[in-house]
Amino acid sequence: MRRAAKIATWVALGAFTIAFIYPFIWLLSASFKPRSEVFDNRIIPETFTLENYIRVWHEAPLGLWMANTLLVTVLAAVAVTITSAMVAWGFAYFRFPGRNFLFGIVLATMMLPGAVTMIPVFLIWNSLGAVGTLTPLWAQNLFGSAFYIFLLRQFFMGLPREPFEAAKIDGANNWKIFTRIALPLCKPAVVVTLLFEFQAAWTDLMRPLIYLRDSSTFTVPRGLKALLDQFGFGGEWHWEIVMTASVITTIPMIILFFLGQKHFIRGIATTGSKG
């Protein structure tokens, strides 16, 4: 009976795995097909070709778009991780009047839809002359994120205070306690924050659509939208080019997850037990 249950569990997990990875397998397969066979729904291409991967680099400045996206993504991930960790540490370690009330206000900001602040934020960046540049895509993260503040605070709350008090007796200031003790102890949460924001910034389309004007400043999602407009809907219907560009821009996210999956899984698994 126990063996049958185990087999059923593995079969169910296998079925769910196939369901989740099938869209990417289909996309990968379509990128190796000629135009006439893109939508034939064959996993193994009847006509295998590498021409799409050669042509896509000539049809669009994909390298420049990926460089722009990498710059924005790294700056956004690092900025939001540092600032959110600092705020989370303040709420977790320091005792001051109104702490819980202020933290509640921070959490309440997660209830605001992005559309509510979209126009005011655009007007601010427009008045600063930053529209048309990459700055608005990452600089907003300098003010932290309510979700990441909550996530990191959970970890900080689970740390014993004795090492921090001992470090303070030895003459360490609050900044040294934060950077040399608290952050290293919360490495899984920091890695999770970096991975989450890296993925969010890499795949963000809304802000590039709002702020970017010239193709030389396009990020990957904005560039894929331009390719879709050119070769897809209302265009020349070269879907193989769009599929190939999508595969090329998806692979970095897959590699990143595999590199950080140990910390990612550990961070997610232990978040609920902190605090």
Side-chain angles (χ1 to χ4, degrees), residues 70-112 114 117 121 124 135-204 252-253 255-275:
L70 183 62
L71 175 63
V72 168
T73 300
V74 170
L75 291 176
V78 172
V80 81
T81 301
I82 293 176
T83 54
S84 298
M86 292 171 64
V87 176
W89 171 248
F91 279 121
Y93 179 73
F94 297 103
R95 303 289 188 264
F96 54 89
R99 183 184 67 160
N100 294 332
F101 175 74
L102 290 176
F103 183 66
I105 293 178
V106 171
L107 294 183
T109 61
M110 289 194 295
M111 303 297 292
L112 288 175
T117 59
V121 171
I124 292 174
T135 303
L137 306 187
W138 66 269
Q140 298 182 44
N141 287 5
L142 292 172
F143 303 97
S145 165
F147 173 73
Y148 298 139
I149 290 171
F150 170 76
L151 175 69
L152 292 165
R153 178 181 175 271
Q154 290 296 99
F155 272 80
F156 287 138
M157 291 286 288
L159 299 177
R161 296 183 65 89
E162 288 76 13
F164 307 130
E165 299 301 331
K168 185 172 291 187
I169 293 174
D170 290 338
N173 56 32
N174 290 325
W175 179 250
K176 288 184 178 180
I177 293 175
F178 170 65
T179 56
R180 298 185 182 181
I181 302 178
L183 277 182
L185 290 175
C186 290
K187 184 179 178 181
V190 173
V191 173
V192 167
T193 302
L194 282 170
L195 289 176
F196 274 4
E197 188 58 31
F198 201 98
Q199 185 272 338
W202 185 273
T203 59
D204 182 28
M253 288 293 96
I255 295 174
L256 180 68
F257 175 78
F258 276 107
L259 292 177
Q261 64 174 325
K262 180 178 70 173
H263 296 291
F264 178 82
I265 295 174
R266 181 183 173 192
I268 294 298
T270 56
T271 297
S273 63
K274 300 291 181 179

For the atom pair [atom1] ([X]) and [atom2] ([Y]), what is the distance rounded to the nearest 0.5 Å?
{"X": "Thr193", "Y": "Leu151", "atom1": "OG1", "atom2": "CG", "result": "4.5 Å"}
{"X": "Leu195", "Y": "Met253", "atom1": "CG", "atom2": "CE", "result": "8.5 Å"}
{"X": "Lys176", "Y": "Lys168", "atom1": "NZ", "atom2": "NZ", "result": "14.0 Å"}
{"X": "Thr81", "Y": "Leu194", "atom1": "OG1", "atom2": "CG", "result": "3.5 Å"}
{"X": "Thr83", "Y": "Ile149", "atom1": "OG1", "atom2": "CD1", "result": "7.0 Å"}
{"X": "Gln140", "Y": "Thr135", "atom1": "CD", "atom2": "OG1", "result": "11.0 Å"}

Return yes if some donor-acceptor pair links the side-chain N/O of [X] with the main-chain N/O of [Y] below 3.5 Å, else return no.
{"X": "Thr109", "Y": "Val106", "answer": "yes"}
{"X": "Tyr93", "Y": "Met157", "answer": "no"}
{"X": "Asn141", "Y": "Val80", "answer": "no"}
{"X": "Ser84", "Y": "Gly144", "answer": "no"}

Ring-face cation contact, Phe91 with Arg99, 6.0 Å cut, 45° max:
no
If I compare all heavy atoms of [X] with all of [Y], which pair ends up nearest, and what's the gap?
{"X": "Ala92", "Y": "Arg161", "answer": "O-NH1, 4.2 Å"}
{"X": "Ala79", "Y": "Leu142", "answer": "CB-CD2, 3.7 Å"}
{"X": "Ile181", "Y": "Pro163", "answer": "CD1-O, 4.2 Å"}

Which is it for Phe178 and Asn174 under the side-chain contact (heavy atoms from CB on, under 4.5 Å) test, yes or no, and what are the steps along the way?
CA-CA 6 Å; Phe178 170 65; Asn174 290 325; over 6 Å; no
Ring centers of Phe164, Trp89 separated by less than 6.0 Å:
yes
Above 12 or not: heavy atoms from other molecules or residues under 6.0 Å from CZ of Phe101?
no
Mark yes when over 12 heavy atoms from residues, nucleotides or ligands other than Phe94 sit less than 6.0 Å from its CZ; otherwise mark no.
yes
Do Leu183 and Phe156 pass the side-chain contact (heavy atoms from CB on, under 4.5 Å) test, and can you show the C-alpha distance, the side-chain angles, and the key distance before you say yes or no?
CA-CA 9 Å; Leu183 277 182; Phe156 287 138; 4.2 Å; yes
Should Phe103 and Arg153 count as side-chain neighbours, where that means a heavy-atom distance under 4.5 Å?
yes
Return the orientation label for the Phe198 and Trp202 ring planes: parallel under 30°, perpendicular over 60°, tilted otherwise.
parallel
Test side-chain contact (heavy atoms from CB on, under 4.5 Å) on Trp138 and Val78; report intermediate values, then the result.
CA-CA 10 Å; Trp138 66 269; Val78 172; over 6 Å; no
Step by step, would you call Cys186 with Leu152 a side-chain contact (heavy atoms from CB on, under 4.5 Å)?
CA-CA 8 Å; Cys186 290; Leu152 292 165; 5.5 Å; no
